[in-house]
There are 2 protein chains.
Amino acid sequence: MFGQVLKLKHERVAEQLAREIRGGRLALGSQLPGEHALATRFDVSRNTVRQALADLIRQGLIETRSGKGSFVTFDGRTIDDRLGWSRALAEQGVPTTVRILRLELVHEPELAERFDLQSAECVAVDRLRSLDEGRAISIERSLVPAVGPLRNLPEQGLTGSLYAALRSAGLTPVQGEEWVDLSRVTQSDAELLGCAPGDLYLRTQRLSRDARGEFVEYVESLLNPDRFRLHLRFGEASE
Amino acid sequence: MFGQVLKLKHERVAEQLAREIRGGRLALGSQLPGEHALATRFDVSRNTVRQALADLIRQGLIETRSGKGSFVTFDGRTIDDRLGWSRALAEQGVPTTVRILRLELVHEPELAERFDLQSAECVAVDRLRSLDEGRAISIERSLVPAVGPLRNLPEQGLTGSLYAALRSAGLTPVQGEEWVDLSRVTQSDAELLGCAPGDLYLRTQRLSRDARGEFVEYVESLLNPDRFRLHLRFGEASE
DNA sequence: CTTGAGAACCTGTCCGAACATGTTCAGAAG
DNA sequence: CTTCTGAACATGTTCGGACAGGTTCTCAAG
(Lines give C-alpha, C1' and ligand atoms only; values in the text may rest on other atoms or scores of the structure.)
Protein backbone atom coordinates (compact mmCIF):
# COMPACT_ATOMS: atom_id res chain seq x y z
CA MET A 1 0.00 0.00 0.00
CA PHE A 2 1.19 3.52 0.69
CA GLY A 3 3.59 4.71 3.37
CA GLN A 4 6.56 2.76 2.20
CA VAL A 5 9.25 2.82 4.84
CA LEU A 6 12.17 5.04 4.00
CA LYS A 7 15.12 3.04 5.14
CA LEU A 8 17.71 5.62 4.14
CA LYS A 9 18.48 8.04 6.92
CA HIS A 10 18.96 11.08 4.71
CA GLU A 11 15.63 10.34 3.06
CA ARG A 12 13.90 10.21 6.40
CA VAL A 13 15.45 13.52 7.40
CA ALA A 14 14.55 15.16 4.09
CA GLU A 15 11.03 13.77 4.29
CA GLN A 16 10.48 15.13 7.76
CA LEU A 17 11.84 18.58 6.89
CA ALA A 18 9.78 18.62 3.70
CA ARG A 19 6.66 17.89 5.74
CA GLU A 20 7.41 20.80 8.04
CA ILE A 21 8.01 23.13 5.11
CA ARG A 22 4.94 22.12 3.15
CA GLY A 23 2.87 22.03 6.30
CA GLY A 24 3.76 25.64 6.96
CA ARG A 25 5.62 25.07 10.20
CA LEU A 26 8.66 26.41 8.39
CA ALA A 27 7.41 29.48 6.57
CA LEU A 28 8.67 30.99 3.34
CA GLY A 29 11.95 32.79 3.91
CA SER A 30 12.52 31.43 7.36
CA GLN A 31 15.85 29.96 8.28
CA LEU A 32 16.34 26.31 9.06
CA PRO A 33 18.34 25.24 12.08
CA GLY A 34 22.04 24.89 11.38
CA GLU A 35 23.45 21.66 10.07
CA HIS A 36 24.99 20.80 13.41
CA ALA A 37 21.69 21.38 15.17
CA LEU A 38 19.84 19.23 12.66
CA ALA A 39 22.43 16.50 13.03
CA THR A 40 21.88 16.50 16.77
CA ARG A 41 18.11 16.63 16.47
CA PHE A 42 17.87 13.70 14.04
CA ASP A 43 20.79 11.89 15.63
CA VAL A 44 22.70 11.53 12.38
CA SER A 45 25.99 12.90 11.13
CA ARG A 46 26.30 16.29 9.50
CA ASN A 47 27.09 14.60 6.21
CA THR A 48 23.74 12.86 6.31
CA VAL A 49 22.01 16.14 7.10
CA ARG A 50 23.79 17.74 4.15
CA GLN A 51 22.61 14.97 1.86
CA ALA A 52 19.05 15.54 3.05
CA LEU A 53 19.40 19.28 2.45
CA ALA A 54 20.73 18.57 -1.04
CA ASP A 55 17.52 16.63 -1.71
CA LEU A 56 15.42 19.55 -0.51
CA ILE A 57 17.39 21.91 -2.75
CA ARG A 58 16.73 19.64 -5.71
CA GLN A 59 13.03 19.73 -4.87
CA GLY A 60 13.18 23.52 -4.79
CA LEU A 61 11.98 23.69 -1.19
CA ILE A 62 15.02 25.41 0.26
CA GLU A 63 18.22 27.09 -0.75
CA THR A 64 21.39 27.34 1.25
CA ARG A 65 23.85 30.18 1.33
CA SER A 66 27.43 29.70 2.32
CA GLY A 67 28.19 31.09 5.73
CA LYS A 68 24.60 32.05 6.39
CA GLY A 69 22.36 29.04 6.45
CA SER A 70 19.46 27.31 4.72
CA PHE A 71 16.26 29.16 3.92
CA VAL A 72 12.82 28.04 2.87
CA THR A 73 11.98 28.99 -0.71
CA PHE A 74 8.68 27.15 -0.90
CA ASP A 75 5.81 29.61 -0.93
CA GLY A 76 3.24 27.16 0.33
CA ARG A 77 0.84 28.08 -2.39
CA THR A 78 1.85 26.65 -5.71
CA ILE A 79 2.63 23.09 -6.59
CA ASP A 80 5.48 22.50 -8.97
CA ASP A 81 4.36 20.18 -11.70
CA ARG A 82 7.77 19.22 -12.86
CA LEU A 83 8.32 18.80 -16.54
CA GLY A 84 11.64 17.20 -15.76
CA TRP A 85 10.85 13.54 -16.09
CA SER A 86 13.71 12.64 -13.79
CA ARG A 87 11.95 14.07 -10.77
CA ALA A 88 10.15 11.46 -8.79
CA LEU A 89 6.50 12.35 -8.89
CA ALA A 90 6.27 11.16 -5.31
CA GLU A 91 7.80 14.43 -4.29
CA GLN A 92 4.68 16.32 -5.29
CA GLY A 93 3.82 19.31 -3.21
CA VAL A 94 1.15 20.04 -0.68
CA PRO A 95 -0.79 17.04 0.62
CA THR A 96 -3.54 16.16 -1.83
CA THR A 97 -6.01 13.37 -2.28
CA VAL A 98 -6.84 11.79 -5.58
CA ARG A 99 -10.20 10.44 -6.66
CA ILE A 100 -10.39 8.05 -9.56
CA LEU A 101 -13.02 9.29 -11.99
CA ARG A 102 -12.61 6.60 -14.59
CA LEU A 103 -10.67 3.40 -15.00
CA GLU A 104 -11.46 1.37 -18.08
CA LEU A 105 -10.29 -0.22 -21.27
CA VAL A 106 -10.73 2.08 -24.26
CA HIS A 107 -9.97 2.18 -27.93
CA GLU A 108 -7.98 5.21 -29.07
CA PRO A 109 -7.33 4.94 -32.81
CA GLU A 110 -6.81 8.68 -33.03
CA LEU A 111 -4.05 8.66 -30.44
CA ALA A 112 -2.47 5.60 -32.03
CA GLU A 113 -2.45 7.36 -35.36
CA ARG A 114 -1.08 10.61 -34.03
CA PHE A 115 1.80 9.08 -32.12
CA ASP A 116 2.35 5.97 -34.18
CA LEU A 117 1.45 3.52 -31.45
CA GLN A 118 1.48 -0.24 -31.99
CA SER A 119 -1.95 -0.78 -30.55
CA ALA A 120 -4.92 1.47 -30.05
CA GLU A 121 -5.99 -0.45 -26.95
CA CYS A 122 -5.40 1.63 -23.87
CA VAL A 123 -6.36 1.87 -20.26
CA ALA A 124 -7.88 5.23 -19.42
CA VAL A 125 -7.26 6.60 -15.94
CA ASP A 126 -8.93 9.89 -15.06
CA ARG A 127 -8.14 11.43 -11.72
CA LEU A 128 -9.44 14.40 -9.80
CA ARG A 129 -6.94 15.90 -7.39
CA SER A 130 -8.09 17.90 -4.38
CA LEU A 131 -6.52 19.65 -1.48
CA ASP A 132 -7.12 17.84 1.74
CA GLU A 133 -9.45 20.64 2.77
CA GLY A 134 -11.62 19.57 -0.13
CA ARG A 135 -11.13 22.00 -2.99
CA ALA A 136 -10.45 20.34 -6.36
CA ILE A 137 -7.40 21.69 -8.13
CA SER A 138 -6.70 19.51 -11.13
CA ILE A 139 -7.96 16.85 -13.46
CA GLU A 140 -5.46 14.41 -14.94
CA ARG A 141 -6.49 12.09 -17.74
CA SER A 142 -3.99 9.40 -18.59
CA LEU A 143 -3.88 6.81 -21.32
CA VAL A 144 -1.49 3.91 -20.89
CA PRO A 145 -1.03 0.89 -23.13
CA ALA A 146 -3.23 -2.09 -22.24
CA VAL A 147 -0.34 -4.53 -21.96
CA GLY A 148 0.72 -7.00 -19.31
CA PRO A 149 -0.60 -6.37 -15.80
CA LEU A 150 -1.96 -2.98 -16.84
CA ARG A 151 -4.71 -4.80 -18.73
CA ASN A 152 -6.16 -5.91 -15.41
CA LEU A 153 -6.24 -2.47 -13.86
CA PRO A 154 -9.94 -1.90 -14.52
CA GLU A 155 -10.85 -5.11 -12.66
CA GLN A 156 -8.30 -4.87 -9.89
CA GLY A 157 -8.44 -1.16 -9.35
CA LEU A 158 -5.52 1.18 -8.88
CA THR A 159 -4.03 0.60 -5.44
CA GLY A 160 -0.84 2.63 -5.51
CA SER A 161 0.12 5.41 -7.86
CA LEU A 162 -0.22 5.08 -11.61
CA TYR A 163 3.54 5.46 -11.92
CA ALA A 164 4.10 2.53 -9.61
CA ALA A 165 1.76 0.46 -11.77
CA LEU A 166 3.64 1.51 -14.90
CA ARG A 167 6.95 0.66 -13.31
CA SER A 168 5.82 -2.77 -12.22
CA ALA A 169 4.65 -3.34 -15.79
CA GLY A 170 8.19 -2.61 -16.93
CA LEU A 171 7.34 0.80 -18.35
CA THR A 172 9.69 3.57 -17.28
CA PRO A 173 9.26 6.96 -18.90
CA VAL A 174 12.64 8.40 -19.88
CA GLN A 175 11.89 10.53 -22.94
CA GLY A 176 9.03 12.31 -24.55
CA GLU A 177 7.41 15.60 -25.32
CA GLU A 178 5.24 18.01 -23.45
CA TRP A 179 3.05 20.89 -24.48
CA VAL A 180 1.71 23.66 -22.30
CA ASP A 181 -1.02 26.10 -23.12
CA LEU A 182 -4.14 27.68 -21.73
CA SER A 183 -7.54 26.14 -22.00
CA ARG A 184 -11.05 27.07 -21.07
CA VAL A 185 -12.79 24.67 -18.70
CA THR A 186 -15.76 22.88 -20.18
CA GLN A 187 -19.15 22.71 -18.54
CA SER A 188 -18.66 19.18 -17.23
CA ASP A 189 -15.09 19.76 -16.05
CA ALA A 190 -16.18 22.92 -14.29
CA GLU A 191 -18.61 20.90 -12.20
CA LEU A 192 -15.83 18.53 -11.19
CA LEU A 193 -13.41 21.32 -10.44
CA GLY A 194 -15.92 23.52 -8.73
CA CYS A 195 -15.20 26.48 -10.95
CA ALA A 196 -17.11 28.40 -13.57
CA PRO A 197 -17.33 27.08 -17.13
CA GLY A 198 -14.94 29.02 -19.34
CA ASP A 199 -12.40 29.68 -16.61
CA LEU A 200 -8.82 29.64 -17.86
CA TYR A 201 -6.74 26.68 -16.68
CA LEU A 202 -3.23 25.57 -17.48
CA ARG A 203 -3.33 22.59 -19.78
CA THR A 204 -0.39 20.26 -20.18
CA GLN A 205 -0.18 17.35 -22.58
CA ARG A 206 2.64 14.92 -22.17
CA LEU A 207 3.64 11.90 -24.17
CA SER A 208 6.18 9.62 -22.51
CA ARG A 209 8.13 6.76 -23.99
CA ASP A 210 10.60 4.36 -22.48
CA ALA A 211 14.23 3.95 -23.46
CA ARG A 212 13.30 1.79 -26.44
CA GLY A 213 10.81 4.33 -27.66
CA GLU A 214 7.78 2.31 -26.61
CA PHE A 215 4.68 4.24 -25.61
CA VAL A 216 4.36 4.59 -21.85
CA GLU A 217 1.77 7.24 -21.14
CA TYR A 218 -0.18 10.08 -22.62
CA VAL A 219 -1.55 12.41 -19.99
CA GLU A 220 -3.55 15.56 -20.35
CA SER A 221 -3.87 17.69 -17.25
CA LEU A 222 -6.00 20.67 -16.38
CA LEU A 223 -4.31 22.60 -13.61
CA ASN A 224 -5.69 25.40 -11.50
CA PRO A 225 -3.30 28.25 -12.28
CA ASP A 226 -3.52 29.55 -8.73
CA ARG A 227 -2.22 26.27 -7.41
CA PHE A 228 0.18 25.03 -10.04
CA ARG A 229 3.34 26.35 -11.52
CA LEU A 230 5.43 24.47 -14.02
CA HIS A 231 9.07 24.06 -13.25
CA LEU A 232 11.76 22.84 -15.59
CA ARG A 233 15.43 22.28 -15.03
CA PHE A 234 17.47 21.86 -18.19
CA GLY A 235 21.01 21.24 -19.22
CA GLU A 236 23.91 20.25 -17.08
CA ALA A 237 26.92 21.92 -15.60
CA SER A 238 30.25 20.74 -16.97
CA GLU A 239 31.71 20.96 -13.49
CA MET B 1 39.69 35.45 -16.75
CA PHE B 2 39.01 32.47 -19.02
CA GLY B 3 40.10 28.92 -18.36
CA GLN B 4 39.43 29.24 -14.67
CA VAL B 5 41.29 26.64 -12.67
CA LEU B 6 39.08 24.03 -11.11
CA LYS B 7 40.16 24.12 -7.53
CA LEU B 8 37.77 21.48 -6.28
CA LYS B 9 39.24 18.01 -6.35
CA HIS B 10 36.09 16.21 -7.37
CA GLU B 11 35.70 18.68 -10.22
CA ARG B 12 39.20 18.01 -11.43
CA VAL B 13 38.60 14.27 -11.31
CA ALA B 14 35.26 14.56 -13.10
CA GLU B 15 36.78 16.87 -15.69
CA GLN B 16 39.62 14.49 -16.44
CA LEU B 17 37.33 11.47 -16.72
CA ALA B 18 34.90 13.46 -18.88
CA ARG B 19 37.77 14.34 -21.21
CA GLU B 20 38.69 10.70 -21.55
CA ILE B 21 35.11 9.71 -22.25
CA ARG B 22 34.42 12.45 -24.75
CA GLY B 23 37.81 11.93 -26.32
CA GLY B 24 36.96 8.31 -26.95
CA ARG B 25 39.67 6.84 -24.77
CA LEU B 26 36.85 5.39 -22.71
CA ALA B 27 34.45 3.96 -25.28
CA LEU B 28 30.68 3.55 -25.04
CA GLY B 29 29.82 0.63 -22.80
CA SER B 30 33.30 0.17 -21.39
CA GLN B 31 33.79 -0.12 -17.69
CA LEU B 32 35.60 2.49 -15.64
CA PRO B 33 38.20 1.48 -13.10
CA GLY B 34 36.73 0.78 -9.66
CA GLU B 35 36.30 3.56 -7.16
CA HIS B 36 39.25 2.39 -5.10
CA ALA B 37 41.46 2.32 -8.17
CA LEU B 38 40.36 5.81 -9.19
CA ALA B 39 40.97 7.05 -5.69
CA THR B 40 44.50 5.73 -5.84
CA ARG B 41 45.11 7.04 -9.34
CA PHE B 42 43.96 10.58 -8.57
CA ASP B 43 45.30 10.48 -5.04
CA VAL B 44 41.98 11.42 -3.46
CA SER B 45 39.56 9.65 -1.16
CA ARG B 46 36.86 7.34 -2.42
CA ASN B 47 34.23 9.85 -1.32
CA THR B 48 35.76 12.42 -3.62
CA VAL B 49 35.78 9.93 -6.47
CA ARG B 50 32.13 9.17 -5.80
CA GLN B 51 31.30 12.86 -5.92
CA ALA B 52 33.04 13.09 -9.29
CA LEU B 53 31.15 10.04 -10.56
CA ALA B 54 27.88 11.58 -9.39
CA ASP B 55 28.68 14.60 -11.55
CA LEU B 56 29.33 12.37 -14.56
CA ILE B 57 26.04 10.56 -13.97
CA ARG B 58 24.20 13.86 -13.92
CA GLN B 59 25.89 14.77 -17.18
CA GLY B 60 24.72 11.50 -18.66
CA LEU B 61 28.23 10.34 -19.42
CA ILE B 62 28.20 7.21 -17.27
CA GLU B 63 25.93 5.08 -15.17
CA THR B 64 26.87 2.96 -12.23
CA ARG B 65 25.40 -0.36 -11.18
CA SER B 66 25.58 -1.53 -7.63
CA GLY B 67 28.05 -4.31 -7.14
CA LYS B 68 29.27 -4.18 -10.73
CA GLY B 69 30.87 -0.86 -11.53
CA SER B 70 30.54 2.29 -13.62
CA PHE B 71 30.01 2.15 -17.37
CA VAL B 72 30.26 4.73 -20.11
CA THR B 73 26.89 5.68 -21.57
CA PHE B 74 28.08 8.53 -23.74
CA ASP B 75 27.70 7.70 -27.39
CA GLY B 76 30.28 10.10 -28.77
CA ARG B 77 27.93 12.75 -30.08
CA THR B 78 28.38 16.34 -29.06
CA ILE B 79 26.77 16.90 -25.75
CA ASP B 80 25.68 20.44 -26.46
CA ASP B 81 22.84 19.27 -28.63
CA ARG B 82 21.06 17.23 -26.04
CA LEU B 83 19.58 20.06 -24.04
CA GLY B 84 16.09 19.66 -22.81
CA TRP B 85 14.85 23.07 -23.71
CA SER B 86 11.49 24.64 -23.59
CA ARG B 87 10.83 27.14 -26.28
CA ALA B 88 8.00 29.48 -26.82
CA LEU B 89 6.92 28.78 -30.35
CA ALA B 90 5.41 31.61 -32.25
CA GLU B 91 2.89 30.35 -34.72
CA GLN B 92 5.01 28.78 -37.39
CA GLY B 93 5.39 30.90 -40.46
CA VAL B 94 3.88 33.99 -38.93
CA PRO B 95 6.40 36.79 -39.28
CA THR B 96 6.84 39.00 -36.26
CA THR B 97 8.69 42.20 -35.61
CA VAL B 98 10.42 43.18 -32.41
CA ARG B 99 10.59 46.63 -30.94
CA ILE B 100 13.15 47.50 -28.29
CA LEU B 101 11.36 49.09 -25.37
CA ARG B 102 14.36 49.56 -23.13
CA LEU B 103 18.11 49.07 -23.34
CA GLU B 104 20.08 50.31 -20.39
CA LEU B 105 22.46 49.59 -17.58
CA VAL B 106 20.64 48.73 -14.37
CA HIS B 107 21.40 47.62 -10.87
CA GLU B 108 19.60 44.46 -9.78
CA PRO B 109 20.66 43.60 -6.24
CA GLU B 110 17.51 41.56 -5.74
CA LEU B 111 18.22 39.35 -8.73
CA ALA B 112 21.86 39.02 -7.71
CA GLU B 113 20.77 37.96 -4.26
CA ARG B 114 18.16 35.51 -5.48
CA PHE B 115 20.40 33.72 -7.94
CA ASP B 116 23.73 34.31 -6.27
CA LEU B 117 25.22 36.39 -9.08
CA GLN B 118 28.70 37.83 -8.88
CA SER B 119 27.63 41.33 -9.80
CA ALA B 120 24.34 43.14 -9.61
CA GLU B 121 25.19 45.22 -12.67
CA CYS B 122 23.08 44.13 -15.60
CA VAL B 123 21.95 45.27 -18.99
CA ALA B 124 18.18 45.34 -19.27
CA VAL B 125 16.67 44.59 -22.65
CA ASP B 126 12.89 44.83 -22.94
CA ARG B 127 11.27 43.84 -26.20
CA LEU B 128 7.76 44.02 -27.57
CA ARG B 129 6.91 41.44 -30.21
CA SER B 130 4.13 42.09 -32.67
CA LEU B 131 2.54 40.42 -35.64
CA ASP B 132 3.40 42.27 -38.81
CA GLU B 133 -0.21 43.32 -39.11
CA GLY B 134 0.45 45.26 -35.96
CA ARG B 135 -1.02 43.40 -33.04
CA ALA B 136 1.37 42.97 -30.08
CA ILE B 137 1.59 39.43 -28.76
CA SER B 138 4.37 39.32 -26.20
CA ILE B 139 6.70 41.28 -23.98
CA GLU B 140 10.12 39.83 -23.20
CA ARG B 141 12.26 41.41 -20.51
CA SER B 142 15.84 40.20 -20.33
CA LEU B 143 18.62 40.89 -17.88
CA VAL B 144 22.14 39.97 -18.93
CA PRO B 145 25.37 40.57 -17.04
CA ALA B 146 27.08 43.87 -17.84
CA VAL B 147 30.39 42.29 -18.75
CA GLY B 148 32.70 42.64 -21.75
CA PRO B 149 31.11 43.91 -24.93
CA LEU B 150 27.63 43.65 -23.42
CA ARG B 151 28.46 46.68 -21.31
CA ASN B 152 28.39 48.81 -24.45
CA LEU B 153 25.01 47.60 -25.65
CA PRO B 154 23.14 50.66 -24.38
CA GLU B 155 25.38 53.01 -26.37
CA GLN B 156 25.79 50.89 -29.47
CA GLY B 157 22.29 49.51 -29.60
CA LEU B 158 21.26 45.97 -30.33
CA THR B 159 21.90 45.20 -33.96
CA GLY B 160 21.33 41.45 -34.22
CA SER B 161 19.52 39.18 -31.81
CA LEU B 162 20.23 39.25 -28.11
CA TYR B 163 21.30 35.63 -28.34
CA ALA B 164 23.95 36.57 -30.92
CA ALA B 165 25.21 39.35 -28.69
CA LEU B 166 25.51 36.92 -25.78
CA ARG B 167 27.39 34.47 -27.93
CA SER B 168 29.90 37.03 -29.10
CA ALA B 169 30.45 37.93 -25.45
CA GLY B 170 31.39 34.33 -24.80
CA LEU B 171 28.16 33.52 -23.00
CA THR B 172 26.45 30.35 -24.17
CA PRO B 173 23.44 29.17 -22.22
CA VAL B 174 23.59 25.43 -21.63
CA GLN B 175 21.78 24.95 -18.35
CA GLY B 176 19.22 26.64 -16.20
CA GLU B 177 15.73 26.65 -14.90
CA GLU B 178 12.39 27.79 -16.20
CA TRP B 179 9.10 28.47 -14.52
CA VAL B 180 5.72 28.80 -16.19
CA ASP B 181 2.56 30.16 -14.69
CA LEU B 182 -0.30 32.50 -15.35
CA SER B 183 -0.17 36.19 -14.70
CA ARG B 184 -2.53 39.10 -14.95
CA VAL B 185 -1.42 41.90 -17.23
CA THR B 186 -0.72 45.17 -15.48
CA GLN B 187 -2.14 48.48 -16.55
CA SER B 188 1.06 49.61 -18.28
CA ASP B 189 1.71 46.28 -19.96
CA ALA B 190 -1.87 46.20 -21.18
CA GLU B 191 -1.30 49.44 -23.03
CA LEU B 192 1.75 48.00 -24.72
CA LEU B 193 0.04 44.76 -25.57
CA GLY B 194 -3.21 46.33 -26.58
CA CYS B 195 -5.26 44.22 -24.25
CA ALA B 196 -7.32 44.88 -21.16
CA PRO B 197 -5.62 45.21 -17.76
CA GLY B 198 -6.07 42.01 -15.79
CA ASP B 199 -6.15 39.74 -18.83
CA LEU B 200 -4.53 36.38 -18.19
CA TYR B 201 -1.24 35.82 -20.02
CA LEU B 202 1.27 33.01 -19.93
CA ARG B 203 4.31 34.06 -17.97
CA THR B 204 7.64 32.30 -18.28
CA GLN B 205 10.73 33.04 -16.25
CA ARG B 206 14.00 31.54 -17.34
CA LEU B 207 17.42 31.70 -15.76
CA SER B 208 20.26 30.52 -17.99
CA ARG B 209 23.84 29.79 -17.08
CA ASP B 210 26.81 28.68 -19.12
CA ALA B 211 28.76 25.47 -18.69
CA ARG B 212 30.76 26.93 -15.84
CA GLY B 213 27.62 28.01 -14.05
CA GLU B 214 28.08 31.70 -14.81
CA PHE B 215 24.97 33.78 -15.18
CA VAL B 216 24.00 34.30 -18.80
CA GLU B 217 20.44 35.61 -18.91
CA TYR B 218 17.32 36.04 -16.89
CA VAL B 219 14.28 36.59 -19.04
CA GLU B 220 10.68 37.07 -18.07
CA SER B 221 8.13 36.82 -20.86
CA LEU B 222 4.46 37.62 -21.06
CA LEU B 223 2.90 35.60 -23.84
CA ASN B 224 -0.53 35.95 -25.37
CA PRO B 225 -2.04 32.53 -24.72
CA ASP B 226 -3.93 32.62 -28.00
CA ARG B 227 -0.67 32.91 -29.90
CA PHE B 228 1.81 30.89 -27.89
CA ARG B 229 2.14 27.36 -26.74
CA LEU B 230 5.14 25.96 -24.90
CA HIS B 231 6.79 22.87 -26.22
CA LEU B 232 9.36 20.73 -24.47
CA ARG B 233 11.24 17.70 -25.60
CA PHE B 234 12.88 15.77 -22.81
CA GLY B 235 15.05 12.75 -22.31
CA GLU B 236 16.83 10.71 -24.87
CA ALA B 237 16.55 7.33 -26.49
CA SER B 238 19.03 4.77 -25.27
CA GLU B 239 20.29 4.04 -28.77
C1' DC C 1 28.64 -32.88 -14.34
C1' DT C 2 25.83 -29.93 -11.24
C1' DT C 3 25.34 -27.30 -7.22
C1' DG C 4 26.28 -24.44 -3.52
C1' DA C 5 29.40 -22.10 -0.19
C1' DG C 6 32.27 -18.55 0.03
C1' DA C 7 36.07 -15.50 -1.32
C1' DA C 8 36.90 -11.36 -3.62
C1' DC C 9 35.50 -8.01 -5.95
C1' DC C 10 32.16 -4.07 -6.60
C1' DT C 11 29.01 0.06 -5.20
C1' DG C 12 25.82 2.20 -1.40
C1' DT C 13 25.38 4.37 2.99
C1' DC C 14 26.95 6.53 7.04
C1' DC C 15 30.08 8.19 10.42
C1' DG C 16 33.20 11.63 12.92
C1' DA C 17 36.73 14.54 12.16
C1' DA C 18 39.51 18.29 10.22
C1' DC C 19 40.24 22.32 7.84
C1' DA C 20 38.79 26.03 4.41
C1' DT C 21 35.88 29.69 3.46
C1' DG C 22 31.85 32.91 3.89
C1' DT C 23 29.03 36.01 7.19
C1' DT C 24 28.00 38.69 11.01
C1' DC C 25 28.68 41.58 14.74
C1' DA C 26 30.59 43.24 19.04
C1' DG C 27 34.18 45.81 20.56
C1' DA C 28 38.81 47.81 20.22
C1' DA C 29 41.50 51.20 17.75
C1' DG C 30 41.75 55.30 15.40
C1' DC D 1 31.91 58.81 15.21
C1' DT D 2 34.08 55.66 11.82
C1' DT D 3 36.98 51.84 10.74
C1' DC D 4 39.14 47.67 11.49
C1' DT D 5 39.72 43.26 13.62
C1' DG D 6 38.77 39.03 15.33
C1' DA D 7 35.64 35.77 17.67
C1' DA D 8 31.75 33.01 16.74
C1' DC D 9 29.17 30.53 13.82
C1' DA D 10 27.50 29.27 9.33
C1' DT D 11 28.30 26.23 5.16
C1' DG D 12 31.84 23.86 1.79
C1' DT D 13 35.21 20.31 0.92
C1' DT D 14 37.83 16.32 1.87
C1' DC D 15 39.46 12.59 4.42
C1' DG D 16 39.76 7.63 6.13
C1' DG D 17 37.21 4.24 7.97
C1' DA D 18 33.34 1.08 8.72
C1' DC D 19 29.76 -1.88 7.44
C1' DA D 20 25.86 -3.42 4.35
C1' DG D 21 24.64 -5.46 0.26
C1' DG D 22 25.03 -6.75 -4.85
C1' DT D 23 27.80 -9.51 -8.39
C1' DT D 24 30.95 -12.81 -10.10
C1' DC D 25 34.00 -16.47 -10.00
C1' DT D 26 36.36 -20.43 -8.00
C1' DC D 27 36.39 -24.61 -6.06
C1' DA D 28 35.02 -28.27 -3.20
C1' DA D 29 31.07 -31.23 -2.14
C1' DG D 30 27.64 -33.86 -3.91
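All chains are named by letter (A, B, ...) in the order of the sequence lines, taking the proteins before the strands, and each is independently numbered beginning at 1. Just the heavy atoms: all of them, side chains too, but no hydrogens, waters or symmetry mates, feed the values below. The model shown is predicted, which means the values in this text are computed figures rather than measured ones.
Atom pair B:Ile62:CD1 and C:dC10:C1' shows a separation of 14 Å (rounding to whole Å applied). To the nearest angstrom, P of D:dG21 lies 18 Å from CD of B:Glu35. At whole-Å resolution of the value, CD in B:Gln31 and P in D:dT23 are 13 Å apart. Put simply, CG on B:Asn47 is 8 Å from C1' on D:dT14, counting in whole angstrom units. The separation between B:Gln51 atom CD and D:dC15 atom P is 10 Å, rounded to whole Å. At whole-Å resolution of the value, CZ in B:Arg50 and C1' in D:dC15 are 15 Å apart. With rounding to whole Å, A:Phe71 atom CZ is found 12 Å from C:dT24 atom C1'. Whole-Å rounding puts the A:Lys9 NZ to C:dG16 P distance at 8 Å.
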Show me the protein contacts with nucleotides 20-22 of chain C, counting only N or O atoms at under 3.5 Å.
residue: C:dG22; atom: O4'; partner: A:Ser66; partner atom: OG; Å: 3.4
residue: C:dG22; atom: N2; partner: A:Gly67; partner atom: O; Å: 3.2

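A:Leu230 places a side-chain heavy atom less than 4.5 Å from the side chain of A:Leu223. Between B:Glu15 and B:Arg12, every side-chain heavy-atom pair lies at or beyond the 4.5 Å cut-off. The shortest distance between side-chain heavy atoms of A:Leu105 and A:Arg151 falls below 4.5 Å. A heavy-atom distance below 4.5 Å is found between the side chains of A:Phe115 and A:Tyr218. Put simply, the side chain of A:Leu17 reaches to within 4.5 Å of the side chain of A:Leu38, judged on heavy atoms.
Counting non-hydrogen atoms under 4.0 angstrom, B:Arg65 reaches the backbone sugars and phosphates but no base. Among the protein residues, A:His36 comes within range of the nucleic acid bases, having at least one heavy atom under 4.0 Å from a base atom.
For the OP1/OP2 pair of C:dT13 and a distance below 4.0 Å, the side-chain nitrogens and oxygens of A:Thr48 include no atom meeting the criterion. Contact between the side-chain N/O atoms of A:His10 and the OP1/OP2 oxygens of C:dC14 is found at a separation under 4.0 Å.
You'll find a donor-acceptor pair under 3.5 Å spanning the side chain of A:Arg46 and the base of D:dT13, going by distance alone.
Side chains of A:Ser138 and A:Glu140: a donor-acceptor N/O pair is present below 3.5 angstrom, by distance only.
Here side chain to side chain donor-acceptor pair (under 3.5 Å) pairs that include residues 60-69 of chain B, with residues two or more places apart or in two chains, are B:Glu63-B:Arg65.
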